[in-house]
Amino acid sequence: MEYILHLFILICFYTMLSQSLNLSAGFAGLISLTHAGFYGIGAYTTAILSTFYGVSFWAGIPLAMFISGCIAFIVSLIALRTVDDYFIICTLGIQVILFSIMNNWMELTRGPLGIPGIPSIQLFGFSVESKISFLSLSLFFVVAIWFVLRNISRSGFGKTLTAISEDEIYSQSIGKNVYLSKTVSFTLSAMLASIPGTLYSHYISYIDPTSFTVNESIFVLSIVIIGGLGNLSGSFFASAFLVLLPEALRFVGMPDSIAANMRQIIYGLILVIVMMTGKNGVQELFESTKKQ
Amino acid sequence: MAMSEKMLLRSTRNKATTEPPHGQVLLRVEGLKKAFGGQDVLNGLNLELRQGEVVLLCGENGSGKTTLLNILTGNMEPDAGTIHYTADSTSRSYRFPRSWWQKLNPFDHFTPEFVTREGVGRTWQDVRLFGTQTLRDNIAVAEPGHPGENPVLSLFARHLSFRREIELNRRSDALLTHLGLAGRGTSSADKISLGQTKRVAIARAIAAGAQILFLDEPLAGLDRQGISSILELLETLVHEQRGTLVIVEHIFNQLHLHGLVTTNWLLEDGVIRRVERNGGKDNSEHLVSAESRGVSIQRPMWFGLLAGDGAEVVDQPQPRGAWITRIRRSGIIKIPLKPVLEIRDLVVRRGPRVIIGIDAQDNQTGFSLIVNEGETVILQAPNGWGKSTLFAALCGLIQPVAGSIKIGGAKADKLSTWKRIHLGLCALPSDHNVFTNLLAEDVLRLSRNTKAIKDISLFAKRTCGSLSGGERQQVALASIPPGLIGLYDEPFAALDNENVHKFHVLGTPGAPSAQLIFLPSHT
Amino acid sequence: MAMNYIIHLLIYFDIYVIVALSLNLVVGYCGMLTLVHAGFYAIGGYAYALLTLVLGWGFLPSLLTAVMLAATLSLAVSLPAWRLKGDFFVLATLAVQALIFSLLYNWSDPNAPLGTWNNLTNGPFGISGIPKPKILGFTVTDSHSFFLLATVLAVLCAFIVWRLTSSPWGRVLVAMREDELAARNLGKNTRMLKVQALAIASGLVSVAGTLYAAYVGYLDPSSASLEESILMLSMVIVGGVGNFRGPVIGAIVLIAVPELLRFLDLPDALAANLRLAIYGLLLVLMMHFRPQGISGKYRLS
């Protein structure tokens with residue numbers, strides 16, 4: 001039972017992560033591999049503040065969002081100069097740098113040793129320690145982020161992002177500051193990603209850099225693509241699917257070593273098939289030539 | 001019977017008259033259908049193309065000429081119909097829609113590479129040479145069935161392709177010489193003039209083994225000399241090797257083709273309405289009359305709507321076949337004149353080529369134009385003149401190399417597009433005007449034109465992707481934010497008269513106080 | 001001592017020249033950014049390790065088998081490349097990369113002997129004791145003769161790449177990079193071209209993987225990690241793509257930079273970790289300031 005609750009909590013984390021990434025990747029078309037970095041920044045900010053300085057949970061979240069937002073802003077100044085596949089590679093480089101910082105800045109993050117003993121969340125005098133209470137708290141944030149993102153996607157800003165990802169030139173000619181909108185969406189998506197980071201560090205009570213590697217970024221991005229770019233509920237279902245898939249494989253009695261490979265094969269196949277049947281292909285090649 | 005570049009090299013011109021085509025059928029199409037977003041573009045089209053025919057494909061803008069061209073060259077799949085390619089000794093038929101096993105078999109796809117092997121070649125309006133390659137490579141790369149293109153052979157059995165390579169290089173160089181590019185074989189393809197690239201593109205398609213050549217606006221953007229050199233090349237092809245051509249060309253340039261064309265296809269309502277075959281003998285008159293007429297200005301059919309009664313209309317010729325028409329309507333024009341858009345000595349480059357700000361002799365003169373408050377200025381220029389480049393430069397999408405742009409008196413050269421928009425520029429690009437996934441009313445909200453939603457109330461709640469061309473254009477026109485100077489690139493392409501009138505009404509009361517309209521030189 | 005150090009660096013240089021030149025075939029000549037190169041590098045190494053260690057094959061037959069294997073497996077990338085372009089192609093290569101890493105990492109069973117179906121890779125523990133190359137009865141043991149072998153192979157690979165890129169095949173490849181649609185309208189089968197280019201590049205990089213396995217004598221899944229792919233891609237992008245000089249310069253720069261760090265008196269653990277950060281930084285900076293690389297004649301996108 002505890003384990004099932006744990007899985008649900010994981011689904012909550014990945015739902016938040018993938019939905020926040022969907023803001024930049026899905027709506028603004030900025031397919032980024034830096035998301036685990038921002039997730040990690042949120043986690044580390046909380047861990048350091050609450051463990052060493054006794055900052056409370058409610059104060060930690062805005063601080064984590066602020067720091068993650070500042071870094072995302074700087075990153076966007078660099079990365080948004082590039083487009084398409086170059087943008088991906090650029091964000092990949094930045095993810096590697098962020099990971100190296102977490103892994104090497106001994107004074108701040110204790111590097112690979114990680115930060116142990118992160119206190120659990122104190123809420124109105126209660127300590128959120130049991131799985132069921134933590135799940136309720138996570139669900140609250142899932143709903144909150146979902147609500148925020150849904151409203152953004154229905155607002156003028158969300159429509160602007162859709163417009164930009166469809167046709168930058170037309171967006172400019174109706175007076176939209178393309179660069180600013182992209183920066184804002186990238187920053188906002190990083191700020192939202194720091195919330196699951198905060199929750200994660202309180203939940204696990206020990207963090208080290210290995211939770212925030214490129215692979216984590218790739219995992220979150222696959223959730224977004226499999227769930228559908230710009231589809232918020234799709235991100236939720238894809239998170240549930242990808243988190244539960246290994247369990248399902250274990251359930252059918254597959255040994256761990258084979259199950260791990262099976263999982264990768266299934267992820268990869270779904271990803272490639274979704275991308276192929278999605279919006280790409282010969283037809284797009286042709287349409288892009290017509291635009292030139 | 002294939003047109004080979006060897007024969008192309010023979011430069012003696014055969015003046016024999018063209019007899020009406022009675023050659024073998026090279027291409028037959030039955031019941032071709034194609035729809036975009038629920039709109040039929042081609043609707044059960046039939047046609048037949050014979051050896052030696054030179055076809056001019058005519059039709060209104062948006063009648064599906066380009067779609068037909070793309071389908072016949074394998075670049076687009078039709079929804080239904082049959083296409084028989086019989087140019088090669090092995091004829092091949094494609095029946096649409098394709099069944100699922102044909103979609104699975106990668107050797108049975110309807111794609112450009114397979115259609116090309118049936119002896120079909122094409123050129124592009126925007127030429128598409130391989131920019132970083134040398135001219136010689138641009139032609140040599142087209143060689144069909146070259147053993148050196150097999151990596152194993154080129155690695156272990158280079159001698160197999162060695163001779164062919166030498167021969168190929170020699171032929172490519174000779175071909176370049178024939179195209180007037182002697183000694184330029186090693187210069188890269190983005191360093192030659194537009195007319196030269198167009199000739200290389202035709203030569204490239206022939207070198208790829210084309211027996212039927214589809215030409216997409218081969219004369220667009222060329223000056224008189226460029227046009228005559230292309231015509232000379234086409235004439236060599238047609239008269240000496242009975243080459244088969246299908247040409248899509250704008251009316252402005254169609255006059256030049258009259259001596260060449262044997263057949264006219266009129267594309268209307270998704271079918272070929274009329275096929276006219278002319279002997280070609282009496283066409284010399286057309287050619288002469290076209291020459292003697294020179295470049296004349298044609299008024300678009302909605303011109304009266306824009307000008308109204310009692311307007312002062314001034315035409316000014318521009319270099320390279322362009323005209324600027326100024327319409328000053330009494331009551332709207334403000335005296336003294338107050339400039340809202342000032343372009344001075346503008347020079348714009350696209351890649352390595354100067355597009356805007358040159359005269360007919362390629363001298364860099366700079367382009368200047370002033371639009372005053374209350375004026376409607378129409379820039380009519382042939383396709384390829386550089387209208388969209390000028391448009392992009394005025395919008396700030398590309399940086400000019402020299403000159404200045406002022407909007408409403410404020411310097412705008414270095415500003416980003418959205419800042420220019422906020423200065424009072426209202427721009428409508430011709431090819432960037434649809435957000436397919438947004439609702440029509442959302443587009444207007446985004447551009448803060450909520451008032452105009454009532455004008456499109458019929459389809460405000462539909463996504464733009466599902467709208468017809470004319471409806472899309474209405475949304476696009478309505479989405480232009482109010483401002484000082486409206487900049488429109490071919491705004492009426494898909495509109496009927498009634499909607500042009502609407503646009504005209506839209507234009508006068510609140511929004512832009514002056515207009516600059518770019519139009520292709522034909523009705 | 002110093003001599004041995006230089007020989008060591010030169011061997012690494014040989015290996016990475018092969019890597020960079022083969023990657024350049026895909027990135028520079030096809031214009032497709034790929035992140036799966038380290039996967040095929042490791043597949044080459046693992047194939048060599050297993051064939052020599054378990055089956056006792058000699059160097060040359062193992063090498064050839066490794067090349068064939070990597071070339072065949074490259075279909076996993078080239079088939080999606082038929083339809084996927086740009087950012088989606090990068091993601092597809094990422095998926096294949098993750099799959100290869102996972103296979104090498106997980107295809108193991110502590111109870112089964114190495115090289116059997118149940119324990120093909122020894123998982124995270126890696127394969128140790130990979131024999132030195134045995135060529136025609138002669139075993140390459142000392143580093144000097146290994147350097148000779150590595151240089152011969154690097155020159156051979158460079159020759160292959162040069163010969164291919166200067167052939168009509170290379171000409172069509174460049175045409176496809178410049179304008180795929182126009183190339184197809186000249187009757188060029190660009191799908192086949194992509195399959196060929198990726199197979200050749202993967203085959204060549206597996207030679208480098210083989211050399212690495214034979215030189216170090218130990219191989220674990222980290223050689224197939226994404227970090228390794230990033231290193232390879234930075235080499236090509238730093239050096240510049242589409243010509244012969246660029247990747248070589250990139251290989252020199254990226255081998256030299258971490259070595260220079262040694263002279264900065266950093267703690268060892270930190271220096272090793274900083275390497276990755278530097279690769280990332282180089283990648284970002286090059287994208288930002290000089291997309292055509294140090295010596296590239298052609299600027300991607």
Side-chain angles (χ1 to χ4, degrees), chain A residues 29 31 33 75 78-79 81-101 103-104 106 111-112 213-215 218-219 221-222 225 255-261 263-265 267-273 275-282 284-286 288-289, chain C residues 32-33 35 76 79-80 82-92 94-103 105-109 118-119 123 179-182 184 225-227 230 233-234 237 267 269-270 273-289 291 300-301:
Chain A
I31 297 189
L33 282 175
V75 165
I78 302 168
R81 295 278 190 90
T82 53
V83 289
D84 211 20
D85 40 358
Y86 269 58
F87 179 77
I88 292 193
I89 302 290
C90 201
T91 55
L92 181 63
I94 290 165
Q95 163 68 39
V96 166
I97 295 172
L98 288 179
F99 174 77
S100 295
I101 292 174
N103 206 17
N104 290 304
M106 299 300 285
T213 56
V214 188
N215 293 319
I218 298 172
F219 187 67
L221 186 56
S222 350
I225 291 177
D256 271 1
S257 58
I258 300 178
N261 288 335
R263 205 173 67 209
Q264 285 294 345
I265 292 176
Y267 289 173
L269 272 182
I270 297 178
L271 190 65
V272 170
I273 290 173
M275 289 193 295
M276 277 188 172
T277 52
K279 27 180 86 169
N280 230 293
V282 181
E284 192 187 60
L285 178 77
F286 191 79
S288 69
T289 59
Chain C
M32 306 192 291
L33 287 175
L35 283 170
L79 294 186
W82 284 11
R83 296 200 58 181
L84 298 178
K85 310 242 161 354
D87 37 8
F88 286 106
F89 175 72
V90 176
L91 289 180
L94 260 179
V96 178
Q97 161 71 39
L99 175 61
I100 292 177
F101 180 79
S102 161
L103 284 175
Y105 194 88
N106 291 309
W107 202 334
S108 69
D109 182 351
N118 283 331
N119 183 11
D179 193 331
E180 183 171 348
L181 200 57
R184 293 176 65 184
S225 64
L226 184 57
E227 282 77 15
I230 296 173
L233 194 59
S234 359
I237 287 176
L270 187 60
N273 284 326
L274 266 190
R275 233 172 53 125
L276 196 59
I278 289 171
Y279 299 151
L281 197 63
L282 275 174
L283 206 57
V284 174
L285 291 180
M286 289 314 273
M287 296 265 170
H288 199 61
F289 294 110
L300 280 163
S301 19

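Just so we're on the same page: letters track the sequence lines, and every chain starts at 1.
Counting heavy atoms from C-beta on, the side chains of C:L33 and A:Y86 come closer than 4.5 Å. With contacts defined as side-chain heavy-atom distances shorter than 4.5 Å, the pair A:L221/C:L94 does not qualify.
Looking at every heavy atom in both residues, A:G268 comes nearest to C:A95 through CA-CB, 4.0 Å.
Counting heavy-atom pairs closer than 4.5 Å to chain A, the top-ranked of the candidates C:L226, C:L91, C:L35 is C:L91.
When heavy atoms are compared at a cutoff of 4.5 Å, A:I218 approaches chain C solely by way of its side chain, counted from C-beta outward. With a threshold of 4.5 angstrom between heavy atoms, C:I230 approaches chain A through side-chain atoms but not through N, CA, C or O. With a threshold of 4.5 angstrom between heavy atoms, C:L233 approaches chain A through side-chain atoms but not through N, CA, C or O. With a 4.5 angstrom heavy-atom cutoff, A:I101 does not touch chain C via any of its atoms. Of the atoms belonging to C:L79, it is backbone heavy atoms, and not side-chain ones, that fall under 4.5 Å from chain A. Looking at A:L33, the atoms closer than 4.5 Å to chain C (heavy atoms on both sides) all sit in the side chain, from C-beta outward. Within the 4.5 angstrom heavy-atom criterion, only side-chain atoms of A:I31, from C-beta onward, approach chain C. Of the atoms belonging to A:I88, it is side-chain heavy atoms, and not backbone ones, that fall under 4.5 Å from chain C.
A distance of 8.5 Å separates CG of C:L283 from CD1 of A:I97, quoted to the nearest 0.5 Å. If you take CD on C:E227 and CG on A:L92, they are separated by 9.0 Å, rounding to the nearest 0.5 Å.
By the side-chain hydrogen bond (donor to acceptor under 3.5 Å, both in side chains) test, C:S108 is found to be paired with no residue, residues two or more places apart in sequence or in another chain being considered. Not counting sequence neighbours, the partners of C:N119 by the side-chain hydrogen bond (donor to acceptor under 3.5 Å, both in side chains) test are C:N122.
Within a 6.0 Å sphere centred on CZ of A:F219, other residues, nucleotides and ligands contribute more than 12 heavy atoms.
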